[in-house]
Q: 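Input: one structure, supplied below.
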Protein chains: 4
Amino acid sequence: MGINKYEEIAQAAIKLFERKGYHATSVQDIADEVGLQKGSLYHYISSKEELLMKITQQSINGFNRRMEKIIESQVSSKDKLILAIQHHVTYVARNMEMTTVLLREAFSLEPDHHKVIKEETDRYLKLWTTIIDEGVQADEFKPGDSRLIALAILGSANWLHRWYQEGGKMTPEEIGNYFAQIFLEGIKK
Amino acid sequence: MGINKYEEIAQAAIKLFERKGYHATSVQDIADEVGLQKGSLYHYISSKEELLMKITQQSINGFNRRMEKIIESQVSSKDKLILAIQHHVTYVARNMEMTTVLLREAFSLEPDHHKVIKEETDRYLKLWTTIIDEGVQADEFKPGDSRLIALAILGSANWLHRWYQEGGKMTPEEIGNYFAQIFLEGIKK
Amino acid sequence: MGINKYEEIAQAAIKLFERKGYHATSVQDIADEVGLQKGSLYHYISSKEELLMKITQQSINGFNRRMEKIIESQVSSKDKLILAIQHHVTYVARNMEMTTVLLREAFSLEPDHHKVIKEETDRYLKLWTTIIDEGVQADEFKPGDSRLIALAILGSANWLHRWYQEGGKMTPEEIGNYFAQIFLEGIKK
Amino acid sequence: MGINKYEEIAQAAIKLFERKGYHATSVQDIADEVGLQKGSLYHYISSKEELLMKITQQSINGFNRRMEKIIESQVSSKDKLILAIQHHVTYVARNMEMTTVLLREAFSLEPDHHKVIKEETDRYLKLWTTIIDEGVQADEFKPGDSRLIALAILGSANWLHRWYQEGGKMTPEEIGNYFAQIFLEGIKK
DNA sequence: AATGAATGAGGTTTCATTCAT
DNA sequence: AATGAATGAAACCTCATTCAT
């Protein structure tokens, strides 16, 4: 904190965008949060939207980077899926504010910027379907619609940003495990 | 359409809030959409926020009403859960815009209003855990954390508002069935 | 005054743009001049630049309209030129502020708008060369570079906006006559 | 270039003030043009306005200095007038940007500064009327209003900054000659 | 000599809401 | 029921200038 002012500003923006929403957060709010005058912010940023863009980009990149490593790893498809769920869930839980901004505010980006984020999220989805398709081919998963399955899992895992609270009775890792188990085994006795 | 002007205004608001977001939608936008002057809107509404409140309330009420009927029905817990998933999925798919406004914009409500919506969504969650708990007790479901299971299912089902498109290769009913199957049986072979 | 608010605003803008320049005139200045709040101006205009555009357009149109009538009239080229000089001079003198805005501020228009004004001023110049060329053909004027002559005359006549003051010892008509005489006969004895 | 940084800055300012206007040119623009940081400029200048003042002063001084030499020369009034026109025209043509700044932007100076420039331009005008008055007394020119004649000539000659382009079919000298001829002989056959 | 962080005032524009007609 | 003029606050952003380093 303090070393890199841009980072400090981005952190303030993440916090405020999460709490109030992008449009309801004023540049003044961000300036107040970092203790600068409104105008002084513009030494570091070129626009409020640039901040949102950087934040969402950083967020989706974090998801993609982890997922690519999992895909490249030498384990069974089932284990890849378990890892993917665990990683997604813990990443959301450990970056709640940033994830919320990505999931809720990215659509406020200007069309050009939004397109870039959209492409990255599409890529992320594809990485999920790859794992599932491979698992089906390896006879590890039931045949099915891999995109629908991926969307079901991602829905569950993303939803975490709406209810997870640090200090609850389960750790993110435990939640990830549980989610993995649900999707693999189902809840029926 | 045209009979009830308030309803017409609400429909315009739903459409615009979904498309642009609550804060990015101006009262002028809504007025344009219904073909009135900005000032004339205020014969029908008392504030922009009131519109958002009515919309989110109507939306969450729709979810709750259906769920209560399911709970009261005389079928097994498993069948209740299947019905609940089917109903939620089809309700989202058939009310995409309104659902999006509920899920993405409710947090823009003033604290007092937001609290009301929060209570209703909490109630909705509780209805889901009720079914699951009963299913566990009836030995239909594996023992587990019913809240976590409900949140997993709701996450999947809510996420639909981000990707569902009318005219896709599966109907909402088919998607609902598939989701139910995933959560009951899992995807592992 | 008061009947047409837009006209009132435009008049205030002309006065202020002339006095302080376009960029040095704030929307606040204009609002103060007409006794409105800054924001209220935007019921009548869509931007400050629109005002400048309207003003310059009205101004150059005034010049062109008069000139076209002169061209169509059935008099000798010499008399057309005299009329043109008289009209230009009196138009400048009677619309000092607007002319100043046209001549000094039009270049502040955005490229698209500026292009429109440029085309109109080019057209105006061409009307002048037409008269001169016809006069040369009719053997009324010495052979010469009609464009250069037109630019010389226009320079003199436009410059009026920098020095003319109402109530001076010569009326605009007298100045026009004198200018016409200078350009036709020269000053040499 | 480079030896005298102040001169470099002034040249950048002339170029930018001409292109965009004084108010539309930011100190940042000037800094960019000379490859310095905004703050560093203030080692050389004390304010943006000082730059405009220096530029306009240098410009009007150039006009006055030449004119004084002409007045002192031992030739007929007619030849003085011809020389004056030639010099003015070539000076404008060879210093287009600086002249434009003088003619278009001087009025943006603060009152105190503006007054100084005004006095110099008034002096310049008086030098012209002196020549004309002497020519009338020497029976070289027709009797007339010397101020009006001077303003007519200056208008033509100043207007050059709005249309002259290097590389046109006439050199500045040829244009000067032509203008002199027009004002002396007129265009009527 | 040069930087670049910071200021604080002011720029244009948008907007939810009110109200007389 | 509908208008449209008007408000006043707040939005994002720019800018000339200062100053510690």
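Lettering of chains follows the sequences in order, A, B, ..., and the numbering in each one begins at 1. Side-chain atoms are counted along with the backbone in the values below, which use heavy atoms only and exclude waters and symmetry mates.
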Q: Using both distances under 3.5 Å as the test, list the Watson-Crick or G-U wobble partner of E:dG4, or none.
A: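 Pairing partner: F:dC19.
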Q: Is it the case that atom NZ in A:K118 sees more than 12 heavy atoms from other parts of the structure closer than 6.0 Å?
A: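 Count not over threshold, so no.
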Q: Taking CD from C:E50 and P from E:dT14, how many angstroms apart are they, rounded to a whole number?
A: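 One finds 12 Å between P of E:dT14 and CD of C:E50, rounded.
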Q: CG of C:D122: more than 12 outside heavy atoms within 6.0 angstrom?
A: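 It does: C:D122 CG has more than 12 such atoms within range.
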Q: Between B:M53 (CE) and E:dA16 (P), how many Å, whole number?
A: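 Value for this atom pair: 19 Å.
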Q: With a cut-off of under 6.0 Å to the ring centre and 45° to the axis, is A:R123 in cation-pi contact with A:F63?
A: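 Ring-cation test returns no.
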Q: Just the rounded figure in Å: distance from C1' of E:dA1 to CD1 of D:I9.
A: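 In whole Å, E:dA1 C1' lies 11 Å from D:I9 CD1.
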Q: Could you check how far CG of A:L41 sits from P of E:dG4, rounded to whole Å?
A: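 Result: 19 Å.
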Q: For nucleotides 10-18 of chain F, give me one character per nucleotide, 5' to 3': B if any protein heavy atom sits under 4.0 Å from the base, S if the only such contacts are to the sugar-phosphate, - if neither.
A: BSBBBSBBB
Q: Please determine, by modelled atom types, if A:Q28 and A:D32 share a side-chain donor-acceptor pair under 3.5 angstrom.
A: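 The criterion, which ignores hydrogens and geometry beyond distance, is satisfied for A:D32 and A:Q28.
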Q: Can a cation-pi geometry be assigned to B:R104 and A:F107, taking NZ or CZ under 6.0 Å from the six-membered ring centre and within 45° of the ring axis?
A: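 Yes, cation above the ring, under 6.0 Å and within 45°.
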Q: Expressed as a whole number of angstroms, how long is the span from B:L16:CG to E:dA16:P?
A: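 Checked: the CG to P distance equals 12 Å.
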Q: Using a 4.0 Å heavy-atom cut-off, does A:L36 contact any base of the nucleic acid, only the sugar-phosphate backbone, or nothing at all?
A: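 Contact class for A:L36: sugar-phosphate only.
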Q: Around A:K15, counting heavy atoms of other residues, nucleotides and ligands shown, do more than 12 lie under 6.0 Å from its NZ?
A: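 Count not over threshold, so no.
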Q: Distance check needed: E:dA5 P versus A:Y6 OH, whole Å only.
A: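 One finds 14 Å between P of E:dA5 and OH of A:Y6, rounded.
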Q: Give the rounded distance in Å between these two atoms: NZ of A:K5 and P of E:dA5.
A: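 So the NZ-P distance, A:K5 to E:dA5, works out to 10 Å.
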Q: For F:dA10, what is the paired nucleotide under Watson-Crick or G-U wobble rules, both distances under 3.5 Å?
A: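 Because both required distances fall under 3.5 Å, F:dA10 counts as paired with E:dT13.
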Q: Would you kindly give the CD-to-P distance between B:Q37 and E:dC15, to the nearest whole Å?
A: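 Roughly 16 Å, once rounded to whole Å.
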Q: Quick one: are the ring centres of B:Y22 and B:F17 less than 6.0 Å apart?
A: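 Yes; B:F17 has its ring centre under 6.0 Å from that of B:Y22.
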